[in-house]
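Written out below as structure tokens is the structure these notes cover.
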Amino acid sequence: MPMKKIIGAIVAGFVLLVAGRYLIHSVLLKSAYMQSSDVWRTTQAMMHRLWVAQLANFILAAAAVLIYIRGVEQKPWLGQGIRFGILLALATAVPQSLTEYFVYPIHHELAVHWIITEGGLAVLLGIVIAAICQQKSASA
């Protein structure tokens, strides 16, 4: 796999995660977080630690790309991307959401929303990675 594709996929994945998580957590789920505001850090405290969230997004993007390119096959990229994204969701969003539901005193609806939205983001991430890292078939 050319390094240019790998770096491009990591950058695109990172941008997708930053934008997607902003949309999920700062827009779509904002009212749900307000219902349990006593559990979360203040906005000011979170902004002070924003670099940690961005580091986590970068690590996930890089790891996802590196894992994907090790198992990519000479099959249609879209199917591989969807399948990889589903597996990524099962390895990240689902267990993390269930663990946080166990740890924090939040409504189960919030955990379900995390699973759905973060899981969907993982599938989208898989598709983006597959689109960027697609390989030309031997017959082409």
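- A continuous path of hydrophobic side-chain contacts links L88 to F58 [ILVMFWY only; heavy atoms under 4.5 Å].
- No chain of hydrophobic side-chain contacts below 4.5 Å, direct or via other Ile, Leu, Val, Met, Phe, Trp or Tyr residues, connects L125 to W77.
- Heavy atoms only, all atoms of each residue included: A111 and S97 are closest at O-CB, 3.8 Å.
- Here T92 contributes atom OG1 and I115 contributes atom CD1; the two are 11.0 Å apart, rounded to the nearest 0.5 Å.
- H108 approaches Y101 most closely through the heavy-atom pair CA-CE1, 3.4 Å.
- Residue L55 holds its CG atom at 11.5 Å from CG of L60, rounded to the nearest 0.5 Å.
- Legend: residues meeting side-chain contact (heavy atoms from CB on, under 4.5 Å) with I67, ordered by chain and number and at least two apart, are F84.
- Partners of E73 under the side-chain hydrogen bond (donor to acceptor under 3.5 Å, both in side chains) rule, at least two apart in sequence or in another chain, are K75.
- Applying the 6.0 Å contact sphere to CE of M1 captures more than 12 heavy atoms from other residues, nucleotides or ligands.
- Judged by distance alone, with hydrogens and angles left aside, the side-chain atoms of H113 form a donor-acceptor pair with the main-chain N or O of E109 at under 3.5 Å.
- In the hydrophobic clustering of this structure, M46 does not group with M34; members are Ile, Leu, Val, Met, Phe, Trp, Tyr whose side-chain heavy atoms approach within less than 4.5 Å, directly or through other members.
- Side-chain contact between Y68 and Q80: present, with at least one pair of heavy atoms (C-beta onward) separated by less than 4.5 Å.
- In the hydrophobic clustering of this structure, M47 does not group with V52; members are Ile, Leu, Val, Met, Phe, Trp, Tyr whose side-chain heavy atoms approach within less than 4.5 Å, directly or through other members.
- Here the closest non-hydrogen pair linking A130 and G81 is CB-CA, 3.5 Å.
- Here the closest non-hydrogen pair linking H107 and Q35 is CD2-OE1, 4.2 Å.
- For the atom pair I116 CD1 and L121 CG, the distance stands at 14.0 Å (nearest 0.5 Å).
- Judged by distance alone, with hydrogens and angles left aside, the side-chain atoms of R70 form no donor-acceptor pair with the main-chain N or O of L66 at under 3.5 Å.
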Result block: side-chain N/O donor-acceptor pairs under 3.5 angstrom for residues 8-32, not counting sequence neighbours:
from : atom 1 : to   : atom 2 : distance (Å)
R21  : NE     : E118 : OE1    : 3.1
R21  : NE     : E118 : OE2    : 3.3
R21  : NH1    : N57  : OD1    : 2.5
R21  : NH2    : E118 : OE1    : 3.2
H25  : ND1    : Y33  : OH     : 2.5
H25  : NE2    : E118 : OE2    : 2.7

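- Considering CD1 of I106 and OG of S36, their distance stands at 6.5 Å, rounded to 0.5 Å.
- Criterion: ILVMFWY side-chain heavy atoms under 4.5 Å apart, direct or through other members. Under it, V72 and V65 are part of a common hydrophobic cluster.
- Note that the CG atom of L78 and the CD1 atom of I127 stand 5.5 Å from one another [nearest 0.5 Å].
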